[in-house]
Amino acid sequence: MKRMILFRTLNGVVAGIALSHAIALLSSLGSGAYLPCAPALITACGSVLRAVVLQTVLSAVLGAVFGAASVIWNLEHWSIARQTAVYFTVTAAVMLPAAYACCWTERSLTGVLCYGGIYLGIFALIWLFQFLTVWRSVRHLNNKLE
């Protein structure tokens with residue numbers, strides 16, 4: 001289990017940084033200039049380099065947490081409700097402060113609550129899609145057994 005957590009954590013670090021960079025590239029497409037991070041973060045940090053370093057470190061931390069927390073889905077003695085609640089709580093506890101620190105959300109209570117709501121909505125959609133996919137596979141296997 002420890003080896004699995006370490007492997008997923010390290011993979012998560014790489015994935016977090018890669019995803020952050022990909023998002024920066026995609027969000028820059030419409031502006032005509034490369035924006036490595038939010039302009040508000042650059043202003044808050046005082047330089048582009050400091051802002052990019054902060055965003056890269058926090059993206060690595062996010063990836064590590066998501067990767068490590070994914071082992072929760074392997075705990076077969078836990079109910080799906082418990083797995084979901086714990087995974088959501090752990091990831092949201094890191095995602096919301098990181099989003100605030102990186103200026104991915106408006107720096108206000110309303111902004112944080114909206115970001116939290118968006119996070120919850122995306123989480124719920126992904127969870128529902130995965131649940132339905134597994135449910136369909138199980139149903140298909142059951143039909144083959146009959």
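Excluded from the calculations below are hydrogen atoms, water molecules and symmetry mates; all remaining heavy atoms, backbone and side chain alike, are included. Keep in mind that this is a model prediction, so the values were computed, not measured.
Cluster note: L35 groups with no other residue, as no ILVMFWY side-chain heavy atom lies under 4.5 Å from it.
Taking OG of S28 as the start and CD1 of I23 as the end, the distance is 11.5 Å to the nearest 0.5 Å. The CG atom of L62 sits 11.0 Å away from the CD1 atom of I17 when rounded to the nearest 0.5 Å. Rounding to the nearest 0.5 Å places CG of L54 at 11.0 Å from CG of L49.
Placement of I118 and L26 in two distinct hydrophobic clusters is found when ILVMFWY residues are connected by side-chain heavy-atom separations under 4.5 Å, directly or transitively. Hydrophobic clustering (side-chain heavy atoms under 4.5 Å, transitive across Ile, Leu, Val, Met, Phe, Trp, Tyr) keeps L58 apart from V14. A continuous path of ILVMFWY side-chain contacts below 4.5 Å connects L75 to Y87, so both sit in one hydrophobic cluster. Taken together through direct or relayed side-chain contacts under 4.5 Å among Ile, Leu, Val, Met, Phe, Trp and Tyr, I80 and L132 form part of one hydrophobic cluster. When hydrophobic clusters are built by joining Ile, Leu, Val, Met, Phe, Trp and Tyr residues whose side-chain heavy atoms come closer than 4.5 Å, directly or via intermediates, L120 is grouped together with V94.
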Open item on the list: The test is side-chain contact (heavy atoms from CB on, under 4.5 Å); show your working for M4 and T9 and say whether it passes.
Closed with: CA-CA 8 Å; M4 182 188 305; T9 299; over 6 Å; no
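Side-chain N or O atoms of T43 include one that pairs as donor or acceptor with a backbone N or O of P39 at under 3.5 Å.
Within the 4.5 Å cutoff, side-chain heavy atoms of V48 are placed close to those of P36. With contacts defined as side-chain heavy-atom distances shorter than 4.5 Å, the pair L6/L10 qualifies.
Nearest heavy-atom pair, L96 versus G116, reported as atom, atom and distance to 0.1 Å: CD2-CA, 3.7 Å. Closest of all the heavy-atom pairs between C37 and A51 is SG-CB, 3.5 Å.
Legend: ring pair (Phe, Tyr, Trp, His ring centres under 6.0 Å) pairs involving residues 11-69, not counting sequence neighbours: none detected. Within the structure, side chain to side chain donor-acceptor pair (under 3.5 Å) contacts touching residues 62-84 (residues at least two apart or in different chains) are R8-S70, R8-N74, T84-W127.
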Give the table of side-chain donor-acceptor pairs shorter than 3.5 Å for residues 137-146, with sequence neighbours excluded, one pair per line with atom names and distance.
residue: S137; atom: OG; partner: T133; partner atom: O; Å: 3.1
residue: N142; atom: ND2; partner: V138; partner atom: O; Å: 3.4
residue: N143; atom: ND2; partner: R139; partner atom: O; Å: 3.4

Output side-chain donor-acceptor pairs under 3.5 Å for residues 103-111, partner residues at least two apart or in another chain, one line each.
residue: W104; atom: NE1; partner: Q55; partner atom: OE1; Å: 3.3
residue: T105; atom: OG1; partner: G111; partner atom: O; Å: 2.7
residue: E106; atom: OE2; partner: S108; partner atom: OG; Å: 2.8
residue: R107; atom: NE; partner: Y100; partner atom: O; Å: 3.1
residue: R107; atom: NH2; partner: Y100; partner atom: O; Å: 3.1
residue: R107; atom: NH2; partner: A101; partner atom: O; Å: 2.9
residue: S108; atom: OG; partner: G111; partner atom: N; Å: 3.0

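Partners of Y119 according to the ring-ring contact (aromatic ring centres under 6.0 Å, His included) rule, which considers only residues two or more places apart in sequence or in another chain, are F88.
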